[in-house]
Engineer: 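So that we are looking at the same thing, I have put the structure below in structure tokens.
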Amino acid sequence: MGGSEEQYVKDAFEKNWIAPLGANVDEFENQVSRYTGAEAACAVSSGTGAIHLALDVLGVQRGDVVFCSTLTFVASANPILYMGATPVFIDSEMDSWNMSPAALEKALKFHKMTGRLPKAVIVVNLYGQSARMERIMEICNRYGVPVVEDAAESLGATYRGRASGTFGRIGIFSFNGNKIITTSGGGMIISDDELLVKKALKKATQAKESAIHYQHRTIGYNYRLSNICAGIGRGQMEVLDERIKKKREIFEQYVEGLCDISAVDFMPEIEGSFHTRWLSTLTIDPDKTIISPRDVIRHLSAHNIEARPVWKPMHMQPLFDRCAYFEEAEDHSKYLFENGLCLPSDTKMSEEDVERVIRLFRELLPVGKITA
Ligand SMILES: *Cc1c(COP(=O)(O)O)cnc(C)c1O
């Protein structure tokens with residue numbers, strides 16, 4: 001926590017606004033709007049719920065096709081199934097690790113030919129970095145397909161000077177406990193289309209029609225954010241930039257400590273992009289060493305330090321094993337999964353903590369015959 005969260009939560013208690021509405025919810029939405037430059041925002045109970053609402057207000061229906069980045073957390077794709085739609089997965093490019101514009105174009109071309117253009121494309125901005133959104137928007141606009149930007153991991157990132165999450169028709173954020181800032185659980189929908197956000201708000205609150213009795217015309221959900229959690233969010237927004245600065249420092253320290261190892265490639269920061277380094281991630285080239293990310297994870301774990309592989313792509317998950325997948329040329333996302341590593345990146349880590357991880361990583365060098 002940053003410091004003032006408790007005061008906002010206390011405020012809610014004192015005013016007895018213990019409900020999924022109130023001053024904290026309103027102000028948290030204003031803060032996120034101001035920070036990102038989006039016209040409108042709607043606070044909800046999770047990032048997953050935000051994606052579900054986004055697909056719903058874009059009119060996705062049973063049997064529709066929805067494209068989604070394959071290299072992501074399952075929460076990006078599950079809402080496609082909630083809607084009874086069919087996911088089609090799109091490969092990553094090696095530069096940004098995010099959706100490959102070339103693979104996207106290939107998939108759109110194919111689906112146009114078969115007369116089944118997707119109702120939406122969910123573009124994920126992984127580990128704190130925006131996808132190549134200008135290219136992606138240009139392609140999707142050409143085919144007339146709306147983009148949902150899953151910016152759950154990229155709050156605070158920018159691309160060509162614009163906030164991550166503001167390129168698509170709708171952007172979503174997550175404030176789950178593991179994200180760069182948290183409300184313990186929570187999410188946000190942003191858009192420049194205020195009407196669309198109003199629609200999402202209505203759906204997030206059981207789709208009540210305006211009448212003094214309870215009147216319903218469309219399906220709704222119970223997805224609004226609690227005024228207590230929003231209080232935490234208000235305090236967290238005050239320290240977001242500080243968090244990003246610290247995350248980037250941690251990353252820089254890893255780069256300094258490991259960049260001489262020829263088999264190590266850090267996740268690139270593409271031109272025009274400001275990467276928050278929510279997680280410090282890298283790949284280990286299997287052609288250059290016998291040491292794999294699993295070896296590093298095991299070695300760190302033996303010292304009570306947690307590290308993780310990169311997301312396992314959705315097209316490799318049993319849940320989606322009958323879904324179509326479009327790769328760029330070879331399967332980049334599979335390479336990133338099999339050779340990718342997320343290093344400990346918590347903002348509470350001291351320089352000594354990071355140094356310790358670097359030292360343990362380097363202990364494996366002789367074993368792996370890695371050359372510096
Ligand atoms: C965390 C995350 C989500 C889901 O957010 P929740 O708030 O946990 O529901 C969606 N997409 C990505 C890429 C995430 O990392």
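Bear in mind the structure is a predicted one, so any value in this text is a computation, not a measurement. First listed ligand is number 1; within each ligand, the first listed atom is number 1.
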Engineer: Mind telling me whether F67 and H111 have parallel, tilted or perpendicular rings, with 30° and 60° as the class edges?
Structural biologist: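 Ring orientation, 0 to 90° scale: perpendicular.
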
Engineer: I want to check a possible cation-pi pair here: R162 against F167, using under 6.0 Å from ring centre and within 45° of the ring axis as the test.
Structural biologist: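 Yes, R162 and F167 form such a contact.
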
Engineer: Using ring centroids (six-membered ring only for Trp), state whether F326 and F89 fall under 6.0 Å.
Structural biologist: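 Centroid separation for F89 and F326: 6.0 Å or greater.
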
Engineer: Salt-bridged, K202 to E209, with N to O below 4.0 Å?
Structural biologist: yes

Engineer: Compute the ring centroids of H52 and Y221, then answer whether they are less than 6.0 Å apart.
Structural biologist: yes

Engineer: Determine whether the aromatic ring centres of residues F361 and H299 are separated by less than 6.0 angstrom.
Structural biologist: no

Engineer: At a heavy-atom distance under 4.0 Å, which protein residues reach ligand 1? Sort them by chain and number, would you?
Structural biologist: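 Contacts of ligand 1 under 4.0 Å: S46, G47, T48, T72, F73, A75, S76, V124, D150, A152, E153, S174, N176, K179, G186.
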
